[in-house]
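Letters go in sequence order (proteins before strands), and every chain restarts at 1.
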2 protein chains.
Amino acid sequence: MPPTDAPRGRTGRPPVTSRADILVAARRLIDRDGWEKLTVRRLAAEMGIGATTLYHHVRDKEDLLLLLLNEYADRIPRPPAAGEPRERIVAGWVAIHDTLGAWPWAAEVLTVDGFLTGLGDSALVQVEAILAAAAEHGCSQEEAVDLFRNIWYFTVGEILVRARSGGARGADERRDGFLAGIDAAALPRLAAIGDRWPGLSARDTYPDAVRAFVDGLLAQAEGRS
Amino acid sequence: MPPTDAPRGRTGRPPVTSRADILVAARRLIDRDGWEKLTVRRLAAEMGIGATTLYHHVRDKEDLLLLLLNEYADRIPRPPAAGEPRERIVAGWVAIHDTLGAWPWAAEVLTVDGFLTGLGDSALVQVEAILAAAAEHGCSQEEAVDLFRNIWYFTVGEILVRARSGGARGADERRDGFLAGIDAAALPRLAAIGDRWPGLSARDTYPDAVRAFVDGLLAQAEGRS
DNA sequence: AGTTGTTTTGGAACATGTTCCGAAAGTAGC
DNA sequence: GCTACTTTCGGAACATGTTCCAAAACAACT
């Protein structure tokens with residue numbers, strides 16, 4: 001792995017590319033051909049270099065996506081420092097959710113090990129804002145971290161599940177008859193819902209849910225003190 | 001895809017295996033060598049058949065894992081029908097969470113398209129119990145589905161993120177210095193937490209979090225009516 | 001027995017991410 | 001110019017899930 005900076009009197013074979021070049025090319029490829037086309041070999045071909053050369057500048061593909069995500073993270077609107085803490089928390093999460101949801105490829109890296117430790121400053125600002133708001137509301141450090149973690153889990157799950165819920169082909173491709181095969185005697189509630197389930201599940205209720213979660217967690221924290 | 005049942009006067013080349021055989025072999029392979037060793041070729045070799053033959057009995061690997069999951073779902077303790085609805089909801093989710101968390105390979109299929117429609121009856125019983133408890137508490141059908149969906153997202157996210165948080169190697173492999181590189185002036189809360197973050201994140205707070213989420217969602221539903 | 005039709009099998013092939021390791025392309029010292 | 005050292009490059013190779021399609025193995029019918 002070549003050093004990020006460029007020391008003067010260097011020795012050895014000169015690099016043909018850099019991490020920055022790779023990120024630019026990856027971004028261009030995504031914008032032009034779609035993010036599914038971002039493969040290691042295609043990216044290397046786009047740059048006119050060998051595929052394995054990429055691995056001398058980037059740990060692996062997950063790392064590449066994480067670096068891309070950090071660049072995009074600048075687009076998340078800067079969280080306001082004023083206002084009621086509870087509302088700031090909700091607004092911060094909605095902003096994070098909307099931004100992540102807009103990049104389908106983000107779903108690939110949300111669960112990587114040490115995700116938070118791989119974030120850059122512009123992304124950590126969002127974390128900081130939520131932690132600060134929680135503290136301002138009276139949460140202890142521990143409670144603030146728990147609040148962040150739990151809503152992070154929720155957000156990740158929401159994005160991942162929805163990202164894989166195929167839009168065009170419909171959800172009933174795997175096994176048709178979600179309503180047909182149900183035993184109405186043993187499972188009355190599910191049978192009653194029947195084919196309304198896909199429609200109900202397709203609605204976006206994230207903001208309401210986050211508010212409910214925040215309310216519940218803050219109430220729990222208050223009850224403990 | 002050969003029919004699941006075995007009609008008598010059949011024609012054509014006789015199958016060398018069946019979906020049931022495959023599931024048995026897969027289970028044996030997982031128990032013996034670990035779930036990471038469950039690959040299509042290895043499973044086929046274990047059964048003494050060609051790798052591609054498997055695809056005539058199972059749609060794909062995700063489908064195979066989903067079928068396995070349905071078999072294991074029988075082990076989730078049957079939810080009690082009595083007791084306070086709120087407590088039944090929490091207990092139901094904790095049971096689901098603990099069961100799924102015990103099978104690392106379950107994480108691979110939690111987000112597949114149409115996950116719920118691929119579940120068998122023994123798994124749907126758990127869903128039914130939660131919906132029934134929510135209704136008993138006064139939720140409308142819509143609110144009950146939302147409650148289930150949202151806590152499902154949370155549960156999926158929790159399991160996925162934790163499943164990939166490498167236990168042995170530690171979380172600081174990707175980029176060490178979670179505390180070192182932080183700008184204490186711009187990110188005071190994060191800097192204050194510093195290296196306490198991994199320890200705080202490692203704690204299992206799922207039951208408390210689910211209770212908080214349930215409380216928040218039920219309160220929101222009551223506020224609407 | 002031979003032909004026809006039907007169903008299943010499985011080897012070859014493909015695209016993917018990734019690792020290995022020998023070769024290339026520089027600088028430093030002589 | 002020559003050698004030694006250092007750093008990067010990139011083709012070959014591997015394991016993975018998956019698709020294609022020609023052949024195999026059976027039943028039914030003549």
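The interatomic distance linking A/Glu62 (CD) with C/dT18 (C1') rounds to 13 Å, in whole Å. C/dT16 atom C1' lies 20 Å from atom CH2 of A/Trp105, rounded to whole Å. Here the C1' atom of nucleotide D/dC9 and the CG atom of A/Asp21 are 15 Å apart, to the nearest Å. In this structure, A/Asp60 places its CG atom 17 Å from P of C/dT16, rounding to the nearest Å. One interatomic measurement links the two molecules: NE2 of B/His56 to P of D/dA25, which rounds to 16 Å at whole-angstrom precision.
In this structure, B/Ser18 reaches neither bases nor backbone, as no heavy-atom distance under 4.0 Å exists between it and the strands shown.
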Output a table of donor-acceptor pairs, distance under 3.5 Å, between side-chain atoms of residues 199-214 of chain B and any protein atom two or more places apart or on a different chain; print 'none' if there are none.
| unit_1 | atom_1 | unit_2 | atom_2 | d |
| --- | --- | --- | --- | --- |
| B/Ser201 | OG | B/Trp197 | O | 3.1 |
| B/Ser201 | OG | B/Trp197 | NE1 | 3.0 |
| B/Arg203 | NE | B/Leu200 | O | 3.2 |
| B/Arg203 | NH1 | A/Glu142 | OE2 | 3.4 |
| B/Arg203 | NH2 | A/Asp146 | OD1 | 2.5 |
| B/Arg203 | NH2 | A/Asp146 | OD2 | 2.8 |
| B/Asp204 | OD1 | B/Tyr206 | N | 3.1 |
| B/Tyr206 | OH | B/Thr155 | OG1 | 2.7 |
| B/Arg211 | NH2 | B/Glu87 | OE1 | 2.4 |
| B/Arg211 | NH2 | B/Glu87 | OE2 | 3.3 |

Could you tabulate the donor-acceptor pairs under 3.5 Å formed by side-chain atoms of residues 89-103 of chain A, not counting sequence neighbours?
| unit_1 | atom_1 | unit_2 | atom_2 | d |
| --- | --- | --- | --- | --- |
| A/His97 | NE2 | A/Glu158 | OE1 | 2.7 |
| A/Thr99 | OG1 | A/Ala95 | O | 2.7 |

All N/O donor-acceptor pairs, side-chain side in residues 43-52 of chain B, below 3.5 Å, sequence neighbours left out:
| unit_1 | atom_1 | unit_2 | atom_2 | d |
| --- | --- | --- | --- | --- |
| B/Glu46 | OE1 | B/Arg32 | NH2 | 2.6 |
| B/Glu46 | OE2 | B/Arg28 | NE | 3.0 |
| B/Glu46 | OE2 | B/Arg28 | NH2 | 3.4 |
| B/Glu46 | OE2 | B/Arg32 | NH2 | 2.5 |

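Residue B/Arg13 places its side chain closer to C/dT7 than to any other of C/dT18, C/dG10, C/dT7. Candidate nucleotides C/dT18, D/dT18, C/dT6 were compared by shortest atom distance to the side chain of A/Lys61, and C/dT18 ranks first.
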Exercise for review: Kindly determine whether A/Gln141 and B/Arg196 satisfy side chain to side chain donor-acceptor pair (under 3.5 Å), including the steps that lead there.
Suggested key: CA-CA 10 Å; A/Gln141 188 180 67; B/Arg196 288 189 59 199; 2.4 Å; yes
**Study point:** From CA spacing to verdict: side chain to side chain contact (heavy atoms under 4.5 Å, CB included), A/Asp33, A/Leu38
**Key:** CA-CA 8 Å; A/Asp33 301 340; A/Leu38 179 65; over 6 Å; no
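For the pair A/Leu65 and A/Glu108, the tightest heavy-atom approach, listed with the atom from each and the gap, is CD1-CB, 3.9 Å. Residue B/Gly120 comes nearest to B/Asn70 through the heavy atom pair N-OD1, 2.8 Å, listed as atom of the first residue, atom of the second, then distance. Pairing each heavy atom of B/His57 with each of B/Arg19, the nearest pair is O-NE, 3.1 Å.
A salt bridge (charged side-chain N to carboxylate O under 4.0 Å, His left out) check over residues 69-79 of chain B, counting only residues at least two apart or in different chains, returns the pairs B/Arg27-B/Glu71.
Axis deviation across the helix from C/dA1-D/dT30 to C/dC30-D/dG1 amounts to 40°, comparing end segments of five pairs, rounded to 10 degrees.
Non-hydrogen atoms lying under 4.0 Å from DNA chain C are contributed by B/Arg41, B/Ile49, B/Gly50, B/Thr52, B/Thr53, all within residues 30-55 of chain B.
At least one side-chain nitrogen or oxygen of B/His57 sits closer than 4.0 Å to the OP1 or OP2 atom of C/dT9.
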